[in-house]
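Numbers restart at 1 for each chain; the letters A, B, ... are given by sequence-line order, proteins then strands.
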Amino acid sequence: MRTQALLLSLFFFLFLIGFSAAHSRKIRSHKPCKRLIFYFHDIIYNGHNAKNATATIVGAPAGGNMTILAGQNHFGNVVVFDDPVTLDNNLHSPPVGRAQGFYMYDKKEIFTAWLGFSMVFNSTQHKGSINFAGADPLMNKTRDISVIGGTGDFFMTRGIATLMTDAYEGEVYFRLKADIKLYECWSL
Amino acid sequence: MRTQALLLSLFFFLFLIGFSAAHSRKIRSHKPCKRLIFYFHDIIYNGHNAKNATATIVGAPAGGNMTILAGQNHFGNVVVFDDPVTLDNNLHSPPVGRAQGFYMYDKKEIFTAWLGFSMVFNSTQHKGSINFAGADPLMNKTRDISVIGGTGDFFMTRGIATLMTDAYEGEVYFRLKADIKLYECWSL
Amino acid sequence: MRTQALLLSLFFFLFLIGFSAAHSRKIRSHKPCKRLIFYFHDIIYNGHNAKNATATIVGAPAGGNMTILAGQNHFGNVVVFDDPVTLDNNLHSPPVGRAQGFYMYDKKEIFTAWLGFSMVFNSTQHKGSINFAGADPLMNKTRDISVIGGTGDFFMTRGIATLMTDAYEGEVYFRLKADIKLYECWSL
């Protein structure tokens, strides 16, 4: 009797596994295997702040230039950045890493951007990088981009980063809060 | 007797699982867990179509400008876009989302591009984004790029998008058909 | 007795599976399912080498131009490339594929770049593409970027590529060695 029940459970289980393998539909909980919260600080070069700037315009539409963000919600501006990453919202806190990459303003009617960048860590706490890509509809209070990979401590990771604009000052400074939720973690 | 057969099956099964875990070689069917077909429409700014344009040149090689695509198969042109996404091939159909990001023409001898973009949805049918990256050898009838992640309804997804040039008009308009096949779907 | 032991193993096993499903923490070996080593060769257009150049500057900060890499460690330069991929370190070896995409120099103080590109293969040995993204702190002897996806023979793959600068000549030529380790392989 027990054996038969066991046999049944086993086949049911094999069926489940087989099914999930065939369709690769992962019924996983949405609980992150790792969660990290960071702030990063972007100071755009405007022709007068070369010393402090962490980002510079490198592409612009016709009529644009590299020290003034373009009209029409900056549509067509490409910005390359190397921003300090901090644990709290203070620009002057000791950076724990750098956010390096680019964003492009990609819509005429409202502010929207597309982001491709890495967070690069080289401290006792974290070594390695987390790579991000995705659309940033930056007028939304929160917006999600993809964690598309990682190296070092973040080997092969995947996940979601929820971005929030924590502060901005005119067209020179903004600060993003990144709530990084990793759902694929590869143990070492 | 039955018990022993069961024992054997179980150990065989454990062995299979162990093997696949150790090598991480996924023997999965190539049947998508989700499939979506969309069209997107790209109207490049040429200096005279500011109102209708959905894309603009933002980078060019030496001697290039931002309203005329460069010679040598546009090698070196970077284009930022915010294109309407439709369910059929009609530019004037109600858009169900936006394709936002960039492409770069990256070869002198023939047309080839590199794409990084997101499809962003905010309708009753789909909420969230799908993120894409990859090479687009656009003279090929079909070509595959990667789905590198997703958010919202497309949380953590991965897959392949097969692109086809559905139409083009000179150097101002083209329409792509994207056949999106998702092979990793995370259920909610 | 045997049955009970079996029952115990089964429940232990189910528990393990359930646990790993819930947390999606993959305890996988770090042995690649596929490993590939390639070299790629980047010849940057400097105004005098149009015939041989495989890459061109397409973005620059204020004051920059498209034939001379900018000061401050080229901060803000965007380069689009279509580089030959070879099996050994000889530029004149028959290419087995092309590396196509872009890099951006993204730091003022030292050389660092951000890379987004594909290796595209169309030979008897390999058909398909491998897509890469990540930070390239190019003064380090080795640095890791992410393999974010693939198509064709590299369908749905993920992994890590370790880059090494194998040679460089002034600001015109450099050669990278890419040691590509794939940890997710989808069998056909």
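- In this pair, B:F121 and B:F38 present their aromatic rings tilted. The plane angle is within the 30 to 60° band.
- Interface remark: B:T157 contributes backbone atoms only to the contact with chain A (heavy atom separation under 4.5 Å).
- Using a distance-only test at 3.5 Å, with no hydrogens or angles considered, a donor-acceptor pair links the side chain of B:R175 to the main chain of B:N89.
- Of the residues listed (A:T86, A:D83, A:N90), the one engaging A:H41 in a side chain to side chain donor-acceptor pair (under 3.5 Å) is A:T86, and it is the only one.
- Ring planes of B:F81 and B:F117: tilted class, angle from 30 to 60°.
- Residue A:Q125 places its CD atom among 12 or fewer non-hydrogen atoms of other residues, nucleotides or ligands, all under 6.0 Å distant.
- The contact between B:A55 and chain A is made entirely by backbone atoms, counting heavy-atom distances below 4.5 Å.
- A donor-acceptor pair under 3.5 Å is absent between the side-chain atoms of A:D82 and the main chain of A:Q100, judged by distance alone.
- Put simply, the side chain of A:N49 never gets that close to the backbone of A:N52: no donor and acceptor are under 3.5 Å apart.
- Comparing B:G47, B:G101, B:A133 by how many heavy-atom pairs each has under 4.5 Å with chain A, the most go to B:G101.
- If you tally non-hydrogen atom pairs under 4.5 Å between each of A:G63, A:G76, A:G64 and chain B, the highest count goes to A:G76.
- Looking at A:Y103, neither its backbone nor its side chain comes within 4.5 Å of chain B, counting heavy atoms on both sides.
- For a residue to count as touching a neighbouring chain, one of its non-hydrogen atoms must lie under 4.5 Å from one of that chain's; by this rule B:A99 does not touch chain A.
- Contacts between B:I57 and chain A at a heavy-atom distance below 4.5 Å involve the backbone alone (N, CA, C, O).
- When heavy atoms are compared at a cutoff of 4.5 Å, A:L115 does not approach chain B at all.
- Within the 4.5 angstrom heavy-atom criterion, no atom of A:Q72 approaches chain B.
- Of the candidates B:V79, B:T56, B:V58, B:V80, B:Y45 forms a side chain to side chain contact (heavy atoms under 4.5 Å, CB included) with just one, namely B:T56.
- The contact between A:A135 and chain B is made by backbone and side chain atoms together, counting heavy-atom distances below 4.5 Å.
- Ranked by non-hydrogen atom pairs under 4.5 Å with chain A, the options B:S129, B:A60, B:G116, B:G128 are led by B:G116.
- Counting heavy-atom pairs closer than 4.5 Å to chain A, the top residue among B:A53, B:S118, B:G150 is B:S118.
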